[in-house]
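Have a look at the structure below before the remarks.
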Amino acid sequence: MTTAPWRDPALPATARVDDLLSRMTLEEKSAQLYGVWVGAATDGDGVAPHQHDMTVDYEWDELITRGLGQLTRSFGTAPVDPALGAQALARAQRRITEAGRFGIPAVAHEECLAGFTAWQATAYPVPLAWGATWDPPLVEEMARRIGDDLRSAGVHQGLAPVLDVVRDPRWGRVEETIGEDPYLVGTVGTAYVRGLESAGVIATLKHFAGYASSAGARNLAPVRAGTREFADVTLPPFEMALREGGARSVMAAYTERDGVPASADPELLTGLLREEWGFTGTVVADYFGIGFLQTLHRVAGTPAEAAHAALEAGIDVELPSLRCYGDPLVDAVRSGEVPEELVDRAARRVLLQKCELGLLDEDWTPEPAATVDLDSTGNRILARRLAEESVVLLDNPDGLLPVAPDTRIAVIGPRAADALAVLGCYSFPSHVLTHHPGVPTGIEIPTVLDALRTELPDAKVTFAQGCDVTDPDTSGFQEAVARTAEADVCVAVLGDRAGLFGRGTSGEGCDATDLALPGAQGELLDALVATGVPVVLVLLTGRPYALGRWHGRLGAVVQAFFPGEEGGPAVAGVLSGRVNPSGRLPVSVPQVPGGQPWTYLQPPLGLAGEVSNLDPTPLYAFGHGRSYTTFAWEDGTGGAEPAEIGTDGTYDVSVTVRNTGDREGAEVVQLYLHDPVASVTRPDVRLIGYQRVAAAPGEAVRVTFRFHADLSSFTDRSGRRVVEPGALELRLAASSTDVRHTAHLTLTGPVRVLGTDRRLRCETEVTDAG
């Protein structure tokens, strides 16, 4: 028996794919460019808007004779027992390989934003909580576990991470982002990519690019970002995740910028991504994104025209269905409307990736692992650690926390006794189970109330809900106030309900008009504070909310960004003192709810000043967080006289961090850049490095950042990325506003124009300082 060259694993992948393409018909090539969403609703009752009118009917047995590019969300569409689901996916793959002439299986993809979005799978903290840990190695470990679970079920590609940088916290998808700073987003997101890819799963960067900069914080609204904001804020996390993380796929954003939809932008998807950055993987459409070129953007008159625009721009795969890249594309190629070379280009990329995955090898098998356990003990231990590191103690002015073990505690609020209060919108229970009433969550999710009772068995804990998350009804206030009046301390657990497209207060399509606590929760908090009993505010949210109204009136404030299935015990551990809080804010917390959608990356005119009566200064700054121990920052590099380095030089800036308290804790040392004078306006400060360090009582560690002049670069008026000579300040800080030491530098020499080989990361060294 003679094996065709494309089946020979000894040959280079390019030779194998070229041989295979030469044998394929147009229909077979186009079939590699689309997915099929088995079980997706077509009756208007789907998960997402437009799902019913964008999903195309097809006859499965006939369709798969052409082959198939992707299988869409076999686990993430309905509650399926993981072991049975893996077997069903394997059977589907067998049918696909037996039906087509070449026996090529499909790439199976799933959502994995905060864990594998499948029934009975671990629900990890959301990405905003990853940002709050400031701990990339821990995020990488989580992603590796997610990847292992995906592979055990037969899944090849994960639609994560989200690398959008928060530009307006009213946006519903803030919970899916890592934060409001591109360096934090890039480093944490790259760690996730490394973890997922190390498990053999294709990481998909999204949403490329600018999605979070939508006007008015409305989902899928036009993007108003200027050229330099786009280059210096939006794009760097993607570049880092590709160059350092090795991501093999990118998802085009729904949005348009300056009149050009991302899905039809060759300058973005080909010129920048492939020609400048050297990306060789696949670009996939966001769900229905190609069809939206016709129906929402109106830059195409037919599905065939939309297919042409997307293919020409550089989208290789239509997800989740075949509305445009199916028969409309084939017909358009046959008629001469679309060059077949565009189909060949995309098919080659898809098949090269399948070759990397081993899907072209004769010995490939779809059979799942012997056991499929998607919520293992190891997963839960890691989910607990992530949750614990992500909890941010915003305030504890009089040391009310930790609470005494035998105290009387009134637990109040609509988020205290609801298991879903700790889950984001892309967790399976919030994303899918709302369409399957009566089906259990499939995983154990302790509530904050239950966890606090377990954590403090000698405390007398009472509970009253007080109000709903969104309902303005205040009839429950009376009981809540009564329970509080009887207690020594009140723990008010307030926040968001994750959902999709208006079915929640946070999540995709759940955008906010302002940053006031949803519903009557603010009024409930007022009523609790008025009792005179000390109130600990615990927030379980997907975005920051304005807290200035209660500043100085609360005993303590604890912020947790949807901390996942182990979030209840993590929060309870912080309240009891078992956990020493170490989270730091990945987003600023505003003073007032309206009129100031703001992130800390502001040029001078974005800061408070005499020209406006509105003060955008946040209540709690980016990077802020408190601890139950204390740290002294000693022997910081810097002095009155600036050091001189060239515009291609390096400079080490160091500080010793000593635990001066009586318990072990973690500090996050942050390095910010201040550029006093530049040829274009620059953010007053921006993060360029950070290091999380743990220390026992009395222990000291020395943290050294190796600053390279490339880290001061920005996009100038001509669109070049440059390093300019002149004065700089390197600020060692505990937050963007809490500066502990400053090093003054002068960059000398000519303006340097940088390419794609520039340094993206500030290298860090941690040594024992005695």
Side-chain angles (χ1 to χ4, degrees), residues 131 165-171 174 177 179-185 212-213 215-217 224-234 236 394-395 514-516 543-549 551-552 584-625 638 670-690 711-717 724 726-745:
V165 179
V166 175
R167 302 303 286 161
D168 187 330
R170 297 174 300 172
W171 191 50
V174 166
T177 73
E180 67 182 39
D181 178 87
Y183 189 82
L184 181 65
V185 173
S213 299
R224 304 293 192 220
T227 300
R228 274 170 288 282
E229 177 183 340
F230 198 68
D232 293 342
V233 177
T234 300
L394 293 179
D395 222 344
D514 59 31
L515 296 174
R543 63 163 63 85
Y545 282 102
L547 301 178
R549 171 171 158 187
H551 187 55
R584 300 294 185 266
L585 285 175
V587 286
S588 309
V589 172
Q591 291 263 5
V592 294
Q596 295 299 306
W598 193 88
T599 75
Y600 91 102
L601 291 175
Q602 296 297 316
L605 291 186
L607 306 175
E610 298 178 359
V611 296
S612 173
N613 62 308
L614 296 180
D615 185 352
T617 306
L619 180 63
Y620 300 110
F622 173 81
H624 168 81
Q670 302 162 41
L671 180 65
Y672 292 87
L673 176 73
H674 171 69
D675 190 346
V677 179
S679 59
V680 296
T681 63
R682 304 294 299 132
D684 185 57
V685 294
R686 63 182 177 92
L687 184 73
I688 60 168
Y690 64 90
L711 297 172
S712 71
S713 68
F714 58 87
T715 305
D716 70 4
R717 298 186 189 195
E724 291 184 345
L728 294 177
E729 291 181 12
L730 301 179
R731 298 176 178 178
L732 292 160
S735 78
S736 60
T737 60
D738 185 2
V739 178
R740 304 297 177 85
H741 296 281
T742 299
H744 298 271
L745 288 182

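For this chain, numbers begin at 1 and follow the sequence in order.
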- request: Report the distance from atom CD1 of Ile688 to atom CG of Asp181, rounding to the nearest 0.5 Å.
  value: 10.5 Å
field: Heavy-atom pair of closest approach, residues Leu515 and Pro590
entry: CD1-CG, 3.8 Å
With Ala621 via side-chain contact (heavy atoms from CB on, under 4.5 Å) - residues at least two apart: Ser735, Ser736, Thr737
- request: Answer yes or no: is there a donor N or O on one side and an acceptor on the other, between the side chain of Arg224 and the main chain of Ser213, under 3.5 Å?
  value: no
- prompt: Does the side chain of Phe622 come within less than 4.5 Å of Thr599's, by heavy atoms?
  reply: no
Could you pull out every donor-acceptor pair under 3.5 Å between side chains of residues 673-683 and any protein atom, sequence neighbours left out?
| from | atom 1 | to | atom 2 | distance (Å) |
| --- | --- | --- | --- | --- |
| His674 | ND1 | Asp684 | O | 2.7 |
| Ser679 | OG | Glu724 | OE2 | 2.4 |

query: Do the side chain of Gln670 and the main chain of Ala734 share a donor and acceptor less than 3.5 angstrom apart?
result: yes
- request: Over all heavy atoms of both residues, which pair between Leu614 and Pro616 is shortest? Give the atoms and the distance, please.
  value: O-CD, 3.5 Å
task: Mind checking the CG-CG spacing from Leu671 to Leu687? Nearest 0.5 Å is all I need.
output: 7.5 Å
message: Quick check: closest heavy atoms across Leu601 and Val685, and the distance to 0.1 Å?
response: CD2-O, 3.7 Å
- prompt: Under the 3.5 angstrom rule, does the side chain of Asp738 hit a backbone N or O of His624 as a donor-acceptor pair?
  reply: no
message: Using only atom types and a distance under 3.5 Å, with no angle test, would you say the side chain of Arg543 pairs donor to acceptor with the backbone of Arg170?
response: yes
- prompt: To the nearest 0.5 Å, what is the distance between CG (Leu547) and CD (Gln591)?
  reply: 9.5 Å
query: With a 4.5 Å limit on heavy-atom distance, are the side chains of Leu394 and Leu619 in contact?
result: no
query: With distance as the sole test, does Glu180 use its side chain to make a donor-acceptor pair with the main-chain N or O of Tyr600 at under 3.5 Å?
result: yes
- prompt: What heavy-atom pair brings Arg686 and Leu711 nearest, and what distance separates the two atoms?
  reply: NH2-O, 2.7 Å
message: side chain to side chain contact (heavy atoms under 4.5 Å, CB included), that's the test. Do Leu745 and Leu730 meet it? Break it down for me.
response: CA-CA 8 Å; Leu745 288 182; Leu730 301 179; 3.6 Å; yes
message: Please verify the inter-ring angle class for His551 with Tyr620; under 30° counts as parallel, over 60° as perpendicular, anything in between as tilted.
response: perpendicular
- request: Determine whether Pro544 and Leu585 make a side-chain contact, defined as any pair of heavy atoms from C-beta on separated by less than 4.5 Å.
  value: no
- prompt: Would you say Trp598 and Pro618 make side-chain contact, with heavy atoms under 4.5 Å?
  reply: yes
- prompt: Just wondering, do Leu732 and Val739 contact through their side chains at under 4.5 Å, heavy atoms?
  reply: no
message: For a 4.5 angstrom cut-off between non-hydrogen side-chain atoms, does Pro169 reach Val587?
response: no
Contacts of type side-chain hydrogen bond (donor to acceptor under 3.5 Å, both in side chains), residue Glu229, not counting sequence neighbours: Arg167
